[in-house]
Amino acid sequence: MFELLNEALDRLWLTDGPLVREFEQRLVEVTGADHCVAVVNATVGIQLAARACGIGPGDEVIVPSFTWVATAHALSWIGVVPVFCDIDQGTGNIDPEHLERVITPSTKGIVAVHVFGRPCPIAELTAIAERHGIPLIFDAAHGLGSTYGGVPLGGFGAAEVLSFHATKFLNSFEGGAVVTNDPELAARIRAMRNFGIDPDRDVVSHGTNGKMNEGVAAMGLTSLEVMDEIIKHNLLNYELYLRELADVPGVTVREQAPDERSNNQYLVIEVDGAVAGLSRDEMCDELHARNVMARRYFHPACHQIEPYKQAPEVHAPLPLPHSEALAERVLALPTGTSIGEEEIIGIAAIIRAVVTERGSRVRR
Ligand SMILES: *Cc1c(COP(=O)(O)O)cnc(C)c1O
């Protein structure tokens, strides 16, 4: 990291330079997508991908309500209207049947999210997008390192958008990338990332400043070196949590897709309050009281928060019961390389003790 950064400082080429090119090349190798455009963060990446797909102010784009608010905010900030669609409560991902029901003639695109690194039903979504002639973009902020049908996420839909924010599994402090197999789309995004300037130095389109700097690329390249180790470590953590929490009533570890590789960057449990004897929120408080950094992720669902809840007729034309139900049950527990066997056994013991104590009344 420091070596790469020193090279950049010696070159006096501090942004959008050789390290960014190298990071893009490495991401092409890792995802298998043909083109990679590194950007300042995934939020701007989603905006660039949408604009480059011809989506603009006033257009409606369908997004799942069970996602990080950035998916919706990225669109609304450029004047695009997010319309929320429900999810499959089991996978947490956009429900193709519900998606079909919210598509109208005003729908100009779909942004689906690989929630917690679990791949969307990509074949179904692709068929729907093709049938309606609208672009399908994936918010793959959780998706790097996971597979669909054995193929790494990154090369599906019109484009996929990765995030390297410090809380994500590949960390470049901040950062993101748009990956795509479409050379023309990649060229448009490259121009739009840099004020709409094309390789001939002419301004050819709208644009913004979405460039990645060399320090960020140095950090990203360094993180990529240990990506496979992190995946292995997260898998061990996941298996250990699964074992340790197997017999705790009302608590289930959310499973990843069978037969797929997952980055397991999030370890999410569901708390069924009626069985556990305490609600998800109470469980969260109990863990915080013991210094365990549990997080309600995602909660609430996007259509339930400002500014979207102000205009349900625009943003949530149909009820979204599964998004609401899942948002009430999920709790993300600590995982990653700073968490090992000892910590997980300790966290599981706390959860078991709390459920035994609080739940015994309910189950008796
Ligand atoms: C983190 C996240 C984003 C935003 O990524 P940034 O790089 O922080 O802009 C978008 N969507 C989802 C699902 C995320 O988790």
Side-chain angles (χ1 to χ4, degrees), residues 20 23-24 27 31 36-51 61-78 80 82 84-85 87 91-94 109-120 125 136-146 153-154 156-157 159-179 189 193 208-213 215-217 219-220 223-224 234 254 262-268 295-303 305 308 323 326-327 330-332 335-336:
V20 173
F23 188 38
E24 289 176 335
L27 289 167
T31 61
C36 174
V37 187
V39 290
V40 67
N41 56 49
T43 303
V44 168
I46 292 168
Q47 294 173 336
L48 288 166
R51 292 299 304 252
V61 168
I62 297 174
V63 299
S65 182
F66 187 72
T67 181
W68 178 235
V69 72
T71 317
H73 273 9
L75 297 168
S76 65
W77 195 251
I78 57 170
V80 174
F84 296 109
C85 153
I87 54 160
T91 66
N93 284 327
I94 200 162
I110 302 162
V111 178
V113 184
H114 304 299
V115 172
F116 306 142
R118 184 166 185 161
C120 286
L125 297 182
L136 170 63
I137 297 167
F138 288 103
D139 173 342
H142 297 181
L144 185 67
S146 295
L153 295 180
F156 296 101
E160 301 210 47
V161 183
L162 309 168
S163 172
F164 316 124
H165 181 261
T167 59
K168 302 280 158 48
F169 131 91
L170 188 94
N171 165 17
S172 72
F173 305 137
E174 293 268 4
V178 187
V179 278
I189 296 171
R193 161 180 76 176
T208 184
N209 182 355
K211 296 189 296 297
M212 179 179 278
N213 71 58
V216 162
M219 183 65 182
S223 297
L224 263 180
N234 284 349
R254 284 183 59 80
S262 171
N263 59 34
N264 282 301
Q265 73 166 311
Y266 299 103
L267 190 294
V268 182
R295 188 175 165 212
R296 300 181 305 175
Y297 191 67
F298 314 109
H299 176 268
C302 286
H303 70 283
I305 50 184
Y308 308 109
S323 300
L326 192 56
V330 285
L331 194 59
T335 186

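Order of listing sets the numbers, starting from 1, for every ligand and every atom in it.
- The closest side-chain heavy-atom distance from F164 to L27 is below 4.5 Å.
- Pairing each heavy atom of S163 with each of K168, the nearest pair is OG-CG, 3.6 Å.
- Any N or O atom pair closer than 3.5 Å counts here, and F298 shares no such pair with ligand 1.
- Judged purely by distance below 3.5 Å, without hydrogens or angles, the side chains of H165 and T167 pair a donor atom with an acceptor atom.
- Note: F116 and F66 have perpendicular aromatic rings, judged against thresholds of 30 and 60 degrees for the angle between ring planes.
- Side-chain contact check for K211 and N209: at least one donor-acceptor pair (N or O, by modelled atom type) lies under 3.5 Å.
- Remark: of the listed residues L144, V179, V178, V179 is the sole one forming a side-chain contact (heavy atoms from CB on, under 4.5 Å) with E160.
- Here's the thing with H142: one of its N/O atoms is less than 3.5 angstrom from an N/O atom of ligand 1.
- The single protein non-hydrogen atom nearest to atom 9 (O) of ligand 1 is T43 OG1, 2.6 Å, given as residue, atom name and distance.
- Atoms of ligand 1 lying under 4.0 Å from at least one heavy atom of T67, given by number and element, are 13 (C).
- Comparing Q47, H73, E174, K168 against atom 2 (C) of ligand 1, the shortest heavy-atom distance belongs to K168.
- Of all atoms in ligand 1, listed by their number and element, those nearer than 4.0 Å to a heavy atom of A70 are 3 (C), 4 (C), 10 (C).
- For F156 and F138, the ring centers sit 6.0 Å or farther from each other.
- Residue contacts with ligand 1 include G175, since one of its heavy atoms falls under 4.0 Å from the ligand.
- What sits closest to atom 8 (O) of ligand 1 on the protein, heavy atoms only, is H165 CB, 3.8 Å.
- In terms of polar-atom proximity, defined here as any N/O pair under 3.5 Å, W68 makes no such contact with ligand 1.
- Note on ligand 1: Y297 sits in its first shell, one or more heavy atoms being nearer than 4.0 Å.
- Residue-level proximity to ligand 1 for A42 is carried by backbone and side chain together, each with a heavy atom below 4.0 angstrom.
- Within ligand 1, the atoms closer than 4.0 Å to a non-hydrogen atom of T71 are 11 (N), numbered from 1 in the order shown.
- Side-chain N/O atoms of Y308 and S65 include no donor and acceptor closer than 3.5 Å.
- Looking at ligand 1, you won't find any N or O of Y266 less than 3.5 Å from one of its N or O atoms.
- Of the protein's non-hydrogen atoms, D139 OD2, 2.6 Å is the one closest to atom 11 (N) of ligand 1.
- For ligand 1 and N41, the ligand atoms under 4.0 Å from any heavy atom of the residue are 7 (O), 9 (O).
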